[in-house]
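Reminder, nothing fancy here: chain letters follow the sequence lines and each chain counts from 1. Just so you know, these numbers use all the heavy atoms, side chains as well, and skip hydrogens, waters and symmetry mates. Quantities reported herein were computed from a predicted structural model and do not represent experimental measurements.
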Amino acid sequence: MEFLNELNESQRKAVEYIDGASLVIAGAGSGKTRVLTYKIAYLLKRGLRPSSILALTFTNKAAREMKERIAEMVGVDTARYLWMGTFHAIFSRILRAEAVHIGFTKNFSIYDSADSTSLIKSLVKELKLDDKLYKHGLVHSRISYAKNNLISPNAYAANADLQKSDMYAKIPRVSEIYSLYCNRCKQADAMDFDDLLLQTNVLFRNNPTILTKYQQTFAYILVDEYQDTNFAQYLIVKKLSETHERICVVGDDAQSIYSFRGANIDNILQFKTAYHNTQTFKLERNYRSTQTIVNAANSLIDKNEKQIRKTVFSEKETGSLIHEMTAFTDLEEGILVADEIKSLHKTFAYNYSDIAILYRTNSQSRVMEDSLRKNAIPYRIYGGLSFYQRKEIKDVIAYCRLACNFNDEEAIKRIINVPARGIGDTTVGKLFDTAREQGVGAWDVLDDALRYNLPVNAGTALKLAKFKSLIALFATKKETMNAYEVVSDIVKQTGLISDAFTDKSTESLSRKDNVEELLKAIHEFCEREKVAGKDAFLPDFLSEVSLLTDQDTDKDTNSNKITLMTIHAAKGLEFKAVFIVGVEENLFPSSYSLDNDRSLEEERRLFYVAITRAEERCYISHARSRFRNGKSDFCNPSRFIKDIDPQYIESSKDIDFEPKQSRFSNWNDDMEIERKRFSGNERFKTNPVKSMPANREPQQNSLRKIGPTQQQTHAVSNDTYPIGSLVKHGVFGIGVVLETSLVNGNEKANIDFGTKGIKSLLLKFAKLEVLKN
DNA sequence: CTTAGTAGGCTTTTT
DNA sequence: GCCTACTAAG
């Protein structure tokens, strides 16, 4: 077991304890995945069969990467038999095998969130409720909450607290919708994402022999990211490990950021209560970040009440201070970030792929993008609409689903008129109403309008019947043809992308590309299975694809580009330099989180996650005004900045926002900074990593280019705003132009707004009105 | 039944 | 400001 020597002492202890329940608290960057993989390797070396080990993750990506690493250690042929995957993937596999015990078939459909939403909308309509009050998102989140907490529709209706809060929100009939929703899913032989966990619980609760079978199968259970488990997941794991209690959960309460998806931080905080004789291991050495970054993050998270106390430390160099950047507007923020990235790239030889810009909301990406594009900095945005959420992809998949499960009503609704075949909303409405009245499935009604008294004319009836026979044809083909052949056939026969030939718009071309991309993926899937000696049929592909996300489609991750993503998406990743942008009140922390401490603490953890992504340099930026929801808002710096011990931050704030300070003294500061910067640069060249000096910083960002010491600075011969002009600014009012300068080709002016102070503004953004010059 | 035009709305989103 | 989802006209 010499591989154990590659671990530090606390890691090794966590790996070697396998006799009972263990909780591994893994601080950011402390080698959590390493512990998990080595532990599995250790279990195998100790003689456990791979098929008796269950390892649960939250993403396919995490599962795949872990499996690869284990394969390297113990060989592919052993690793293959591990039960390793996401909660959803593993339990959908078990549910397919045991489906009959809970009234489903093994080919049950998986409804994605769009299907759930669509079903909820139809139910609200059917019940003639006001969709302004019964918003689908809200209703869905209530249902989801109930399912995650294993509250049945009846229990929901009987629960006084839930009823009270629904009453208060003027949506008292949610329990009714919930109940109908469950019935419809069952009729459609469909489970939504939450059902995969809920029905697993139902299965184990109602079938003790089946539970026992899996308890015996899984001799050892490991759970990654335990802080993100919800109650349904907690209970599955608890039940499966009940007899042997050989379980190891790994997580970091400080990185619990998914409560809005039902994650319950109490699962990790209370683990010791749930499992007797728990051994706790703390991984406190951070291998990722400089001491400054680790200490700053510690000082921040220290402000949270609810947490497992730990002392995360780094033995790397001190490193540079966290840099606070202040911009006037979101646009200027983009410019400052791009400027700094250029300097990191040019002067300090950072690769673009070493740098990430992280934000709280996706909408913030736009300004950053614009600025990067203008500066010809390559970037890649993660997030937004995922591949599998694209309309054309979902359409193809809906055809597949329907071919495998004729009861899948959401699939029928989605594709019955896609591509347009003259079956409109009215007809579809009649179809489902009739099916409901007659107590049959819509599928049955399709080709027998007469028998079921479907009130449509002969032409429409024919169209419906033709649609049915088309799907029935695919259903027959799937019995003999492999997944790739069937789906190519579907795409060809339905004409889903044929309009791309007539329509040359980039839009339809990209749709065509996407469908081809999907076909390629299916082809690869079939080839993979063939290598493993299996034939891949449509249901096999379907059960895999329903649980796939965009993160699994990652390509060109190796290219040298800046990463732009939300902080949520950045969890688990690391970059040499990280820019956290828009760190302002009401944005971060989000205004939605301000009314209770629990969610405010979660926002703080989110900020903690953001900071701890950085290995060497971390920038925190905020703007004084920001364009949001169509209008410009004033912004104050986030309270979280004050939560960080000031000794770890340096800031450009004083320079930009100290109107009382005289220009003269600023100049002095500025020159001092420039001097330090210069000497810092020189040192840096000889040793790029270690001597990253804290003082070579962009804190002069807005002023260094104005100060006389800067060589790139040129006075602007400016006709529009000569010195002494009287100008009017939308926010600051009337001011006098003191001086102008050129900053990377952008004109900048220092303007005295009297009581509002002296501001340094970029003229192209400031929208100044000249009153007198 | 399809298309265009507008009103509303707005966090994060491992599956 | 931008996207979606519903409504009114073709």
Side-chain angles (χ1 to χ4, degrees), chain A residues 56-64 85-92 110-114 116-118 121 125 131-132 135-138 140-141 144 147-148 191-197 224-225 227-230 232-233 255-263 330 358-367 382-386 388-389 391 417 419-429 459-460 463 543-552 565-573 582 586-594 599 602-603 605-607 609-610 626-632:
Chain A
L56 297 164
T57 64
F58 275 80
T59 64
N60 296 304
K61 197 178 158 202
R64 196 175 49 237
T86 64
F87 273 91
H88 291 81
I90 295 287
F91 294 112
S92 74
I110 295 176
Y111 276 179
D112 66 16
S113 4
S116 303
T117 293
S118 153
K121 272 193 217 160
K125 207 170 210 169
D131 58 6
K132 297 256 157 50
K135 292 186 204 139
H136 58 259
L138 183 62
H140 189 202
S141 78
S144 187
K147 288 187 170 188
N148 288 159
M191 296 195 199
D192 65 15
F193 287 138
D194 300 325
D195 280 329
L196 296 175
L197 307 173
D224 189 16
E225 306 278 16
Q227 76 280 359
D228 289 332
T229 51
N230 62 34
Q233 289 162 325
Q255 294 185 67
S256 164
I257 54 173
Y258 279 104
S259 77
F260 67 94
R261 290 187 45 85
D330 47 350
L358 307 181
Y359 33 77
R360 178 67 242 265
T361 65
N362 280 307
S363 59
Q364 288 166 257
S365 70
R366 187 167 225 98
V367 235
Y382 292 75
L385 194 60
S386 99
Y388 292 99
Q389 284 173 9
K391 184 188 175 298
N417 199 31
R421 46 173 76 86
I423 305 171
D425 289 347
T426 328
T427 307
V428 176
T460 309
K463 288 173 190 164
S543 50
E544 167 147 323
V545 83
S546 331
L547 299 173
L548 244 40
T549 58
D550 213 34
Q551 304 226 318
D552 306 311
M565 54 170 55
T566 63
I567 300 161
H568 282 91
K571 198 174 127 200
L573 305 178
N586 294 318
L587 183 59
F588 195 12
S590 151
S591 51
Y592 293 80
S593 70
L594 299 180
S599 55
E602 177 151 321
E603 293 280 309
R605 291 194 293 270
L606 190 58
F607 195 37
V609 168
R626 176 174 300 278
F627 223 71
R628 267 223 287 177
N629 301 340
K631 51 168 171 278
S632 188

When you measure from the side-chain N and O atoms of [X] to the phosphate of [N], is any distance below 4.0 Å, counting only OP1 and OP2?
X: Asn629(A); N: dG9(B); result: no
X: Ser363(A); N: dC2(C); result: no
X: Asn230(A); N: dT15(B); result: no
X: Thr427(A); N: dC1(B); result: yes
X: Thr426(A); N: dC1(B); result: yes
X: Asn362(A); N: dT13(B); result: yes

Problem set entry | Ring centroids of Phe260(A) and dT12(B) base under 5.5 Å with planes under 30° | yes
Problem set entry | ring centroid sep under 5.5 Å plus plane angle under 30, Tyr592(A) with dT11(B) | yes
Exercise. Should the ring pair Phe193(A) and His88(A) be called parallel, tilted or perpendicular, given that the plane angle runs from 0 to 90° and is split at 30 and 60?
Worked result: perpendicular
For this session: Please examine the side chains of Leu573(A) and Met565(A), heavy atoms only from C-beta on, and report whether any two atoms are closer than 4.5 Å.
Result: yes
Problem set entry | Lys147(A) and Asp195(A), any side-chain heavy atoms less than 4.5 Å apart | yes
Can you tell which of [options] lies closest to the side chain of [X]?
X: Leu547(A); options: dT12(B), dT14(B), dT15(B); answer: dT15(B)
X: Lys121(A); options: dT14(B), dT12(B), dA5(C); answer: dA5(C)
X: His88(A); options: dT14(B), dT15(B), dT2(B); answer: dT15(B)
X: Phe627(A); options: dG1(C), dT13(B), dT15(B); answer: dG1(C)

For this session: Determine the interatomic distance between P on dT4(C) and the same-named atom on dT13(B); round to the nearest Å.
Result: 15 Å
Would you indicate what [X] reaches in the nucleic acid, counting non-hydrogen atoms under 4.0 angstrom: base, sugar-phosphate, or nothing?
X: Asp194(A); answer: nothing
X: Ile423(A); answer: sugar-phosphate
X: Ser590(A); answer: base

For this session: Nearest-nucleotide wise, let me know which of Arg366(A) and Asp425(A) is further upstream toward the 5' end of DNA chain C.
Result: Arg366(A)
Exercise. Does the side-chain contact (heavy atoms from CB on, under 4.5 Å) test come out yes or no for Ile110(A) and Leu547(A), once each step is laid out?
Worked result: CA-CA 8 Å; Ile110(A) 295 176; Leu547(A) 299 173; 4.2 Å; yes
Problem set entry | Polar pair under 3.5 Å, donor/acceptor by atom type, side chain Arg261(A), base dT13(B) | yes
